[in-house]
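All remarks here apply to the structure that follows.
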Amino acid sequence: MRVLVTGATGLIGSHLVPALQREGHQVVRLGRRRDASDFVWDPLRGQMDTGALDGVDAVVHLAGENIGQRWTEERKQRMWRSRVEGARLLADAIASVSSPPRTFISASATGYYGDRGDEALDEDAGPGRGFLAELCQAWEEAAQGAARAGTRVVNPRFGVVMSDKGGALARLLPLFRLGLGGALGDGRQYMSWIDIEDLVSAVLFLLRRDDLSGPVNVTSPNPVTNEEFTRTLARVLGRPAFLRVPAFALKAMMGQMAEEALLAGQRVLPRKLHQAGFAFQYPDLEGSLRHVLGR
């Protein structure tokens, strides 16, 4: 296939692009910088190179402003616009071309479900409350415009990615290696995670499976609490992790971001992938961490 990818240089994209190429697919990069892209776009201004969709069989949209910092009003606006307006721009472009791609995979996240305690959540569960939940809903809805052209639209709801190359785990590793890691708040909030290799395999699986559409949870079948995650990472690194970061301290440092991304929990299960026969290489957290960290 000829596959158009946004966010090709990000954590997920930098693993997905070579995997696509190993399978013999031609990758076309759509990005904000011409020196790192085949075509250029600016989703915040609604601008996109004409011809980016020529001959494209599938689009994988991964681009979006990083959420791992304190959320100022300006940052929240950029998070929203980069995702929602980016998905809408692509969907409208797909719907307008004479030969639209067959598949549009537009990323989403488990933040869709909001803070749900220990409730088991599959793709039929409704949305939660809060900024992240509202963002994910709007993000997914914006992509649906591509369906007007008969394009299959898939919204993979990614969990926390296990990779030492970026994302949450990479930010935690320096502290844990110093023996300064610890649970966040009471540690009882569920964390839905996914090994980077299983995530890439799942995206390739979704490209091939024409019978899958709409939201698809791309998470390990074994979510863990933050307490369990802390103990497991410390054990894999051979370091202590006796500290605990109080919720009030996290809220003071990170504000709304702490409440919705660090202290909120979702126990998400990949029902659609399981029923479709997808096989996880790293379904358990300790195995994933040992794989990612070479331990």
Side-chain angles (χ1 to χ4, degrees), residues 11 67-71 109-122 125 128-133 136 157-164 166-196 198-199 217-271 280-295:
L11 173 61
I67 71 166
Q69 302 178 39
R70 188 180 180 93
W71 297 349
T110 55
Y112 173 93
Y113 299 106
D115 188 5
R116 304 289 277 270
D118 63 356
E119 178 185 357
L121 303 164
D122 65 16
R129 297 179 180 178
F131 173 74
L132 273 186
C136 289
R157 292 174 180 163
F158 295 131
V160 178
V161 182
M162 293 296 103
S163 170
D164 63 343
L169 178 61
R171 289 194 293 272
L172 289 172
L173 283 174
L175 286 174
F176 273 77
R177 283 173 171 147
L178 290 171
L180 299 176
L184 304 180
D186 63 17
R188 290 182 292 184
Q189 67 273 31
Y190 267 90
M191 174 180 168
S192 296
W193 61 275
I194 181 74
D195 187 276
I196 184 62
D198 279 336
L199 185 154
N217 292 335
V218 180
T219 61
S220 159
N222 298 300
V224 297
T225 64
N226 179 259
E227 185 87 51
E228 292 175 284
F229 173 81
T230 299
R231 288 200 307 267
T232 305
L233 179 55
R235 182 168 61 250
V236 168
L237 292 173
R239 305 296 295 165
F242 301 120
L243 302 178
R244 187 176 294 273
V245 186
F248 74 85
L250 284 169
K251 292 176 185 178
M253 289 186 294
M254 303 300 289
Q256 187 180 6
M257 183 269 191
E259 293 184 40
E260 295 197 24
L262 302 178
L263 297 171
Q266 303 96 24
R267 187 183 175 194
V268 179
L269 303 175
R271 177 180 58 84
F280 289 87
Q281 274 190 283
Y282 302 99
D284 299 307
L285 181 62
E286 183 162 346
S288 173
L289 289 173
R290 292 193 181 280
H291 154 244
V292 166
L293 301 176
R295 311 287 290 204

When rounded to the nearest 0.5 angstrom, what is the spacing between [atom1] in [X] and [atom2] in [Y]?
X: W193; Y: D198; atom1: CH2; atom2: CG; answer: 7.5 Å
X: Q189; Y: Q266; atom1: CD; atom2: CD; answer: 10.0 Å
X: L199; Y: T219; atom1: CG; atom2: OG1; answer: 10.0 Å
X: T110; Y: Y190; atom1: OG1; atom2: OH; answer: 14.5 Å
X: L262; Y: L250; atom1: CG; atom2: CG; answer: 6.0 Å
X: L132; Y: D115; atom1: CG; atom2: CG; answer: 11.0 Å

Please find the pair of heavy atoms, one from [X] and one from [Y], that lie closest to each other, and give the distance.
X: A168; Y: V160; result: CB-CG1, 3.9 Å
X: P221; Y: L269; result: O-CD2, 3.9 Å
X: S220; Y: P223; result: O-CD, 4.0 Å
X: Q69; Y: M257; result: O-CG, 3.4 Å
X: L11; Y: S163; result: CD1-OG, 3.5 Å
X: R267; Y: D118; result: NH1-O, 3.1 Å

Q) Is the F229 ring parallel, tilted or perpendicular to the F176 ring (thresholds 30°, 60°)? A)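 Ring orientation, 0 to 90° scale: perpendicular.
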Residue pair [X] / [Y], side-chain heavy-atom distance below 4.5 Å:
X: K251; Y: E259; answer: yes
X: N217; Y: R271; answer: no
X: W71; Y: E260; answer: yes
X: L237; Y: R177; answer: yes
X: L233; Y: L293; answer: yes
X: L289; Y: L169; answer: yes
X: F280; Y: P270; answer: yes
X: D195; Y: V292; answer: yes

**Q.** Donor-acceptor under 3.5 Å (N222 side chain, P283 main chain)
**A.**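 Yes, N222 side chain to P283 backbone: donor-acceptor pair under 3.5 Å.
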**Q.** Donor-acceptor under 3.5 Å (R290 side chain, R295 main chain)
**A.**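 Indeed, once roles are kept as given, a pair shorter than 3.5 Å links the two residues.
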Q.
Tell me whether R188 at atom CZ has more than 12 heavy atoms from other residues, nucleotides or ligands lying less than 6.0 Å away.
A.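 Not buried by this count: 12 neighbours or fewer within 6.0 Å.
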Q: Any chance you could lay out the side chain to side chain contact (heavy atoms under 4.5 Å, CB included) test for V268 and R116, step after step, and finish with the verdict?
A: CA-CA 10 Å; V268 179; R116 304 289 277 270; over 6 Å; no
Q.
Closer than 4.0 angstrom, basic N to acidic O: yes or no for E227 and R244?
A.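 Salt bridge flag = yes for R244 with E227.
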(Q) Could you walk me through whether E119 and Y113 satisfy the side chain to side chain contact (heavy atoms under 4.5 Å, CB included) test, starting with their C-alpha distance in whole Å, then the side-chain angles of each, then the deciding distance to 0.1 Å, before giving a yes or no? (A) CA-CA 10 Å; E119 178 185 357; Y113 299 106; over 6 Å; no
